[in-house]
There are 2 protein chains.
Amino acid sequence: MANKIKFERESVVRLASQLFWQKGFHATSTRDLQEAINMRPGSIYSAFGSKEGLYSESLKDYTLQMKAQIESFLSNADSVLEGLHAFVEHVIIETKDCSPSAICMLVKANSEFAEKDANLYELSLNQAAEFEVYLTQLFEQAINNGELNSSLTALEYARFFQVQFTGLRGYFNRPDVTQLAQPMIEQMFLLIKKL
Amino acid sequence: MANKIKFERESVVRLASQLFWQKGFHATSTRDLQEAINMRPGSIYSAFGSKEGLYSESLKDYTLQMKAQIESFLSNADSVLEGLHAFVEHVIIETKDCSPSAICMLVKANSEFAEKDANLYELSLNQAAEFEVYLTQLFEQAINNGELNSSLTALEYARFFQVQFTGLRGYFNRPDVTQLAQPMIEQMFLLIKKL
DNA sequence: TTTTAGCTTGAGCAATCGCTCAAAATCAAC
DNA sequence: GTTGATTTTGAGCGATTGCTCAAGCTAAAA
């Protein structure tokens, strides 16, 4: 059975994901990637097919990771909304200086790929849609738990959450406004409850 | 005094701005630009110095244009909030299919330039800050006119507006959700008045 | 009409891009 | 130890990148 692959696909994809998230697809060269994941072109292209293929896998992994992170916050919280609140604070405040970017990689992707028929544009839409479904399920729970009244549907709450969360992350992608984050996140969740 | 320049700087910058806005800085090649603005490399580099120089001028022009557009809506409206409301609806709904991108060029720029010391990153921050000052002045007016109570400062209203507006534009940068735009914009302005 | 300062042109440079593939290295099976 | 299927390596290909500059062109000044 000959030789075995020497790299761990998971950790390689994670490293690539970090670099793509930070620099974007077009600004990341294959040589940047080679260094970041410590693989030579031949191995990369045999494993992922193309730069696009590696990016594709990276973005999917990013979505999974984000869901896993939310799950982790939910399991340590007394309610869905408290879990989401802790997650949002963690992303915007605590990981501000150690994250590849303040802006969600899905949002960056959706912003970068303009050509409506391109593979990566479609991918970014699909991942965003998938995440919206996930969020909707969470708000369904929140409604069933009585945390929220049902003046809005779960999907509408999910949409509102996404707009607020993306808006805030974009706003805090700059230096010297960190002290504003906490109150604005507080305001966001007050609004959700009062909708 | 020898020969005269044959291009109109304003319209050239506007054309470049459209292309940069659509494709982003890194995905736009100088040959794309040559075709779009109908100039040869020598002329471009003598007039703008570099691709970065042309982008820089394009982004500044974009900010000016956006302000001018808001001014135009304000002069046709009975109040600041009505003017802003019409502007937001125009940007998100009416120009959805004829605009280079659903996402604000300033936001795209802020998302694309990751390296904290790069010129274009600094530029995107400065332009965003400048726009926030402008918005704050508008909300100052709105407060003075009695359109808003002063439970928040003008700056806080401006921040809230930016978060909502960017969040919404990001959300509507995808097909088949157009019918949601109107009610969500309505909701945004209801929230502003109730803050 | 001639001069000449300055704009325009576009061939093409050096660097970098995404990617290929023949050769070397590796390790399970025998 | 030998074999042989499979992975890893990295020199380097053709294409494209941002950009330069000598030559040509244009029009105001003389």
Nearest-Å distance, [atom1] ([X]) to [atom2] ([N])?
{"X": "A/M39", "N": "C/dA25", "atom1": "CE", "atom2": "P", "result": "19 Å"}
{"X": "B/I44", "N": "D/dT20", "atom1": "CD1", "atom2": "P", "result": "12 Å"}
{"X": "A/E52", "N": "C/dC19", "atom1": "CD", "atom2": "C1'", "result": "14 Å"}
{"X": "A/Q34", "N": "D/dG10", "atom1": "CD", "atom2": "P", "result": "10 Å"}
{"X": "B/F48", "N": "C/dC7", "atom1": "CZ", "atom2": "P", "result": "13 Å"}
{"X": "A/R9", "N": "D/dT8", "atom1": "CZ", "atom2": "P", "result": "11 Å"}

Return the polar atom pairs (N/O with N/O) between nucleotides 14-18 of chain C and the protein under 3.5 Å, or none.
{"from": "C/dG18", "atom 1": "OP1", "to": "A/T28", "atom 2": "O", "distance (Å)": "3.3"}
{"from": "C/dG18", "atom 1": "OP1", "to": "A/K51", "atom 2": "NZ", "distance (Å)": "2.6"}
{"from": "C/dG18", "atom 1": "OP2", "to": "A/T30", "atom 2": "N", "distance (Å)": "2.6"}
{"from": "C/dG18", "atom 1": "OP2", "to": "A/T30", "atom 2": "OG1", "distance (Å)": "2.8"}
{"from": "C/dG18", "atom 1": "N7", "to": "A/R31", "atom 2": "NH1", "distance (Å)": "3.0"}
{"from": "C/dG18", "atom 1": "O6", "to": "A/R31", "atom 2": "NH2", "distance (Å)": "2.9"}

Quiz item: Among pairs that include at least one residue of residues 122-141 of chain B, which meet salt bridge (Lys or Arg N to Asp or Glu O under 4.0 Å), considering only residues two or more places apart or in two chains?
Solution: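 Of all non-adjacent pairs touching residues 122-141 of chain B, those that pass salt bridge (Lys or Arg N to Asp or Glu O under 4.0 Å) are B/K67-B/E130.
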Self-check item: Minimal non-hydrogen separation, A/T136 against A/A158, with atom names
Solution: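 For A/T136 versus A/A158, the nearest heavy atoms are OG1-CB, 3.5 Å.
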Quiz item: If you check the B/R40 side chain, which of D/dC19, D/dG10, C/dT9 turns out closest?
Solution: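 My answer, after comparing the listed nucleotides, is C/dT9.
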Quiz item: Is there a donor-acceptor pair closer than 3.5 Å between any side-chain N or O of A/E112 and the backbone N or O of A/F25?
Solution: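 Yes, A/E112 side chain to A/F25 backbone: donor-acceptor pair under 3.5 Å.
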Quiz item: Does a donor on one side chain and an acceptor on the other come within less than 3.5 Å for A/S101 and A/Q22?
Solution: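 There is no such pair (donor and acceptor under 3.5 Å, judged by atom type) between the side chains of A/S101 and A/Q22.
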Practice problem: State yes or no: do A/I103 and A/L59 share one hydrophobic cluster built from I, L, V, M, F, W and Y residues joined by side-chain heavy-atom distances below 4.5 Å, directly or via other members? | Solution: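 Each belongs to a different hydrophobic cluster.
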Quiz prompt | Flag if over 12 foreign heavy atoms under 6.0 Å of CG, A/N149 | solution =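 Above 12, so yes.
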